[in-house]
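Structure first, commentary second.
Just so we're clear, the structure is a prediction, and the values are computed from it rather than from any experiment. A note on names: the letters A, B, ... follow the listed sequences, proteins ahead of strands, and every chain is numbered from 1.
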Amino acid sequence: QKEVEQDPGPLSVPEGAIVSLNCTYSNSAFQYFMWYRQYSRKGPELLMYTYSSGNKEDGRFTAQVDKSSKYISLFIRDSQPSDSATYLCAMSPLSGSARQLTFGSGTQLTVLP
Amino acid sequence: NAGVTQTPKFQVLKTGQSMTLQCAQDMNHNSMYWYRQDPGMGLRLIYYSASEGTTDKGEVPNGYNVSRLNKREFSLRLESAAPSQTSVYFCASSEYMERIYEQYFGPGTRLTVT
């Protein structure tokens with residue numbers, strides 16, 4: 001079983017829709033939670049990171065972490081065609097020698113005009 | 001600033017050939033990383049360098065070697081390429097290991113081993 005599971009998609013939504021992307025994890029040591037966006041044939045770019053349970057908002061993007069359920073989400077409001085990309089969740093312990101990012105396999109999102 | 005640059009962008013190798021993937025960053029970051037990305041597998045860490053002069057194995061180091069040439073450059077070497085090493089390789093950097101959550105990625109090298 002993978003430490004991080006991510007809904008594989010692909011997900012296709014109309015422009016303006018609210019998008020929900022999700023990951024679950026099994027390792028209780030994970031304390032940092034990140035979302036990366038990867039356009040086709042490009043490198044991933046960091047969208048948001050958080051290390052606390054609850055919500056963190058940045059413009060149209062909201063990251064939500066529920067440590068009790070080991071579940072994280074990324075919400076995209078008023079989705080745009082430019083949001084079409086693969087979204088990767090990633091996690092890391094807070095400290096220690098095992099500090100590495102563990103990535104989900106990614107969800108491919110298409111926002112239709 | 002160019003950020004993180006990688007060369008080459010594409011490469012085709014025959015089984016048993018060797019090659020070095022180059023990575024450089026101009027953000028004065030201390031920590032650098034090499035990942036491979038395969039369909040359905042996400043990104044997996046091959047090696048990392050917490051600071052100049054140090055390197056450590058990641059999740060999938062077998063068949064690879066690395067060199068932290070200086071603070072800016074971190075290379076990945078395949079000594080004897082195998083078809084299982086067909087993948088997209090990404091280099092990344094972060095200011096420190098403590099800021100591992102804020103990594104900046106290069107554009108990737110697409111490697112095919114036949």
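- Chain B forms more heavy-atom pairs under 4.5 Å with one residue of A:Lys42, A:Glu45, A:Arg41, A:Met34 than with any other, namely A:Arg41.
- The shortest side-chain heavy-atom distance between A:Tyr49 and B:Arg99 falls under the 4.5 Å cut-off.
- Linking ILVMFWY side-chain heavy atoms closer than 4.5 Å, directly or via other members, places A:Leu21 and A:Phe75 in two distinct hydrophobic clusters.
- Heavy-atom distances place no part of A:Gln6 under 4.5 Å from chain B, backbone and side chain included.
- Applying the side-chain contact (heavy atoms from CB on, under 4.5 Å) test between A:Leu101 and each of B:Tyr33, B:Tyr35, B:Tyr48 identifies B:Tyr35 as the sole match.
- B:Leu45 and B:Leu21 fall into different hydrophobic clusters, where Ile, Leu, Val, Met, Phe, Trp and Tyr residues are linked whenever their side-chain heavy atoms come under 4.5 Å apart, directly or through other members.
- When A:Phe103, A:Tyr51, A:Phe33 are compared by the number of non-hydrogen pairs under 4.5 Å with chain B, A:Phe103 comes out ahead.
- Other residues, nucleotides and ligands contribute over 12 non-hydrogen atoms within 6.0 Å of the NZ atom of A:Lys2.
- Under the 4.5 Å side-chain heavy-atom criterion for Ile, Leu, Val, Met, Phe, Trp and Tyr, A:Phe61 and A:Leu46 are members of distinct hydrophobic clusters.
- Across every non-hydrogen atom of B:Glu59 and A:Gln100, the tightest pair is N-OE1, 4.1 Å.
- Between chain A and the options B:Glu102, B:Gln103, B:Met41, the largest number of non-hydrogen pairs under 4.5 Å is found for B:Gln103.
- If you measure heavy-atom distances from B:Tyr104 to chain A, you find no contacts under 4.5 Å at all.
- In A:Tyr39, the OH atom is crowded: over 12 heavy atoms of neighbouring residues, nucleotides or ligands sit closer than 6.0 Å.
- B:Met32 is connected to B:Val60 through a chain of hydrophobic side-chain contacts under 4.5 Å among Ile, Leu, Val, Met, Phe, Trp and Tyr, so both are in one cluster.
- Between A:Tyr36 and B:Phe105, the ring-plane angle classifies as perpendicular under the 30° and 60° cut-offs.
- Under the 4.5 Å side-chain heavy-atom criterion for Ile, Leu, Val, Met, Phe, Trp and Tyr, A:Met91 and A:Val65 are members of the same hydrophobic cluster.
- By a heavy-atom distance cut of under 4.5 Å, B:Gly106, B:Pro107, B:Arg110 are the residues of residues 106-114 of chain B near chain A, going up by number.
- Between B:Gln37 and A:Leu88 the shortest side-chain heavy-atom distance falls below 4.5 Å.
- When each of A:Ser105, A:Gly106, A:Ala90 is scored by its heavy-atom pairs under 4.5 Å with chain B, the top score falls to A:Ser105.
- Neither the backbone nor the side chain of B:Gln6 comes within contact range of chain A; no heavy atoms are under 4.5 Å apart.
- Heavy atoms closer than 4.5 Å to chain A are found in both the backbone and the side chain of B:Ile100.
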